[in-house]
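Below is one structure, written out as structure tokens; comments come after it.
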Amino acid sequence: MTDRSPVVEAFAARVLDWHARHGRHDLPWQREPTAYRVWISEIMLQQTRVATVIPYYERFLQRFPDVAALAAAPLDEVLHLWSGLGYYARARNLHRAAQQLMARHAGAFPQTPAEVAGLPGIGRSTAAAILSLAYGQPLAILDGNVRRVLARHAGIEGWPGAPAVLARLWTLAEALAPRERTGTYNQAMMDLGATLCTRTRAACTRCPVAADCSARRSGRQRELPAPRPVRSLPVRRTRMLLIEDDGARVLLERRPPAGIWGGLWSLPECPVEADVPGWCCTRLGLRVERRGRLAGFRHTFTHFHLDIEAERLQLAGCAGRLMDDGGWLWYNPRLPDALGLATPVSRLLASLRSDPDPEEIRR
DNA sequence: AAGTCGGGGAC
DNA sequence: GTCCCAGACTT
């Protein structure tokens with residue numbers, strides 16, 4: 001570590017003093033900040049807001065109170081408790097990491113940033129968060145909050161997603177982080193970014209480091225950090241099939257382990273231009289009768305729009321193939337199993353429950 | 001360096 | 001509608 005000038009020391013001191021009086025102190029993962037609890041929270045909070053995470057976190061910790069419980073659980077159940085939260089690779093990695101912790105570290109966390117960052121789903125910042133918040137290790141973090149605060153305070157130009165800009169921010173983050181009370185300081189920086197130095201309205205009058213803030217001085221709070229370069233999202237289309245058997249159970253298929261909704265259960269999808277009964281016969285080995293279309297809707301991902309059409313079908317017979325490789329199941333929407341479901345699928349199954357015999361819906 | 005991976009709240 | 005959120009991983 002390098003020497004701290006008085007000004008630099010004053011930065012952490014001001015942030016810590018502000019945190020003691022105005023920081024958040026009662027988030028669910030702060031009450032008993034063990035490495036396990038901090039770890040789960042940090043993974044859930046990747047690219048996800050605190051308010052969204054809290055109910056998921058409570059359910060997850062109740063079902064999986066420790067590493068051993070998580071490692072022993074079936075992946076389907078982990079994905080079930082993750083359904084709706086997004087970025088499902090996080091859940092798969094969490095499950096794998098728990099099993100590695102059991103196998104290689106007797107269920108405990110390793111104590112070096114390199115070892116922690118070697119676990120699936122844990123990068124540099126998350127590793128530093130776990131070790132500083134749970135064990136007080138003097139490691140700097142650089143999440144979206146800290147990026148925004150530092151980019152404004154130091155007047156750093158460029159989009160933080162660019163590696164060169166990110167490198168500058170890491171250097172600055174390490175230079176400013178105090179060696180004592182690092183966990184509290186990291187929490188304080190996140191609170192500062194989440195409650196004062198927000199994206200659209202920086203509350204500089206209440207900020208403890210406004211006096212020497214570059215963006216504040218130049219009035220460029222709105223311009224820093226620079227936004228991601230614009231890109232237009234392509235539009236894809238699909239048709240989801242709600243095939244019901246005599247017991248009003250719906251056919252689900254398991255998605256491949258990687259890619260969109262990896263490892264989740266979803267509805268069969270047929271191309272929008274295909275003949276539906278013919279497609280069901282040749283691809284699923286099922287004879288079906290059409291029962292009408294549901295209202296279409298758009299689902300937007302990070303990198304494309306998906307326009308989803310949905311059609312309801314009644315099973316009229318089986319041509320004799322399929323249904324024995326574990327990739328399919330008949331799902332009762334009224335007695336849900338502990339499975340991971342993509343949000344549009346949950347939405348369609350819910351509409352089925354609320355409308356057991358719908359009329360044809362027009363857009 | 002760029003692309004992949006969700007969903008929803010804020011605007 | 002757009003933008004981004006307590007990012008990591010793959011190519």
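In what follows, every heavy atom counts, from backbone to side chain, and hydrogens, waters and symmetry copies are set aside. Lettering of chains follows the sequences in order, A, B, ..., and the numbering in each one begins at 1.
Counting only distance, with no hydrogens or angles, the side chain of A/His25 and the backbone of A/Gly23 share a donor-acceptor pair below 3.5 Å. Under the 3.5 Å distance criterion, the side-chain polar atoms of A/Ser125 are matched with a main-chain donor or acceptor of A/Leu142. The backbone N or O of A/Met189 lies less than 3.5 Å from no partner atom in the side chain of A/His19, so there is not a single donor-acceptor pair. A donor-acceptor contact shorter than 3.5 Å is absent between the side chain of A/Asp191 and the backbone of A/Trp18.
For the pair A/Thr200 and B/dC11, the criterion of a side-chain N or O lying under 4.0 Å from OP1 or OP2 is met. Remark: A/Trp261 is in phosphate contact with B/dG7, judged by side-chain N or O atoms under 4.0 Å from OP1 or OP2. Phosphate proximity of B/dC5 to A/His303: present, with a side-chain N or O under 4.0 Å from OP1 or OP2. Considering only side-chain N and O atoms, A/Thr343 lies under 4.0 angstrom from the phosphate OP1 or OP2 of B/dG7. Residue A/Arg148 places at least one side-chain N or O closer than 4.0 Å to OP1 or OP2 of C/dC5. Distances shown here put a side-chain N or O of A/Tyr88 below 4.0 Å from the OP1 or OP2 atom of B/dG7.
Rounding to the nearest 0.5 angstrom, the gap separating the CG atom in A/Leu94 from the CD1 atom in A/Ile40 is 4.0 Å. Between the CG atom in A/Asp76 and the CZ atom in A/Arg254 there is a gap of 4.5 Å [rounded to 0.5 Å].
Distance CG (A/Leu142) to P (C/dG7): 10 Å, rounded to an integer number of Å. Between the CZ atom of A/Arg298 and the C1' atom of C/dG1 there is a distance of 10 Å, given to the nearest Å. Rounded to whole Å, atom C1' of C/dT10 lies 14 Å from atom OH of A/Tyr87. C/dC4 atom P lies 11 Å from atom CZ of A/Arg222, rounded to whole Å. Between A/Arg199 atom CZ and B/dC11 atom P the separation is 8 Å, expressed in whole Å. When rounded to the nearest whole Å, the span between CZ of A/Phe301 and P of B/dG8 equals 11 Å. Atom P of nucleotide B/dG6 and atom CZ of A/Phe304 are separated by 9 Å, given to the nearest angstrom. Going from atom CG of A/Leu306 over to atom C1' of B/dC5 covers 14 Å, rounded to whole Å.
Nearest-nucleotide mapping onto DNA chain B: of A/Arg201 and A/Thr300, the residue sitting toward the 5' end is A/Thr300. With the nearest nucleotide of DNA chain B identified for both A/Ala258 and A/Pro163, A/Pro163 has the one nearer the 5' end. In terms of position on DNA chain C, the residue among A/Gly123 and A/Val230 whose nearest nucleotide sits closer to the 5' end is A/Val230.
Side-chain contact check for A/Trp328 versus A/Glu253: some heavy-atom pair is nearer than 4.5 Å.
With hydrogens and angles left out, the side-chain atoms of A/Asn93 and A/Arg96 include a donor and acceptor closer than 3.5 Å.
Of the residues in residues 44-53 of chain A, those lying under 4.0 Å from DNA chain B by heavy-atom distance are A/Gln47, A/Thr48, A/Arg49.
Counting non-hydrogen atoms under 4.0 angstrom, A/Trp159 reaches nothing in the nucleic acid. Heavy atoms of A/Gly259 sit under 4.0 angstrom from primed sugar atoms or phosphate atoms, though from no base atom. Using a 4.0 Å heavy-atom criterion, one finds that A/Leu27 contacts the bases of the nucleic acid, with or without backbone contacts as well. Contacts of A/Ile122 with the nucleic acid, taken as non-hydrogen atoms under 4.0 Å apart, involve only primed sugar atoms and P, OP1 or OP2.
Between A/Arg31 and A/Glu58 there is a salt bridge, with a side-chain nitrogen of the basic residue lying less than 4.0 Å from a carboxylate oxygen of the acidic one.
Of the C1' atoms belonging to C/dG1 and B/dC5, the separation is 22 Å, rounded to the nearest Å. Here the separation of C/dA8 from B/dG9, taken at their C1' atoms, is 23 Å to the nearest Å. Spacing of P atoms, C/dA6 relative to B/dT4, comes out at 24 Å, to the nearest Å. Rounded to the nearest Å, the gap between the P atom of C/dC9 and that of B/dG8 is 24 Å.
With B/dG7, C/dG7, B/dC5 as the candidates, the nucleotide lying closest to the side chain of A/Pro344 is B/dG7.
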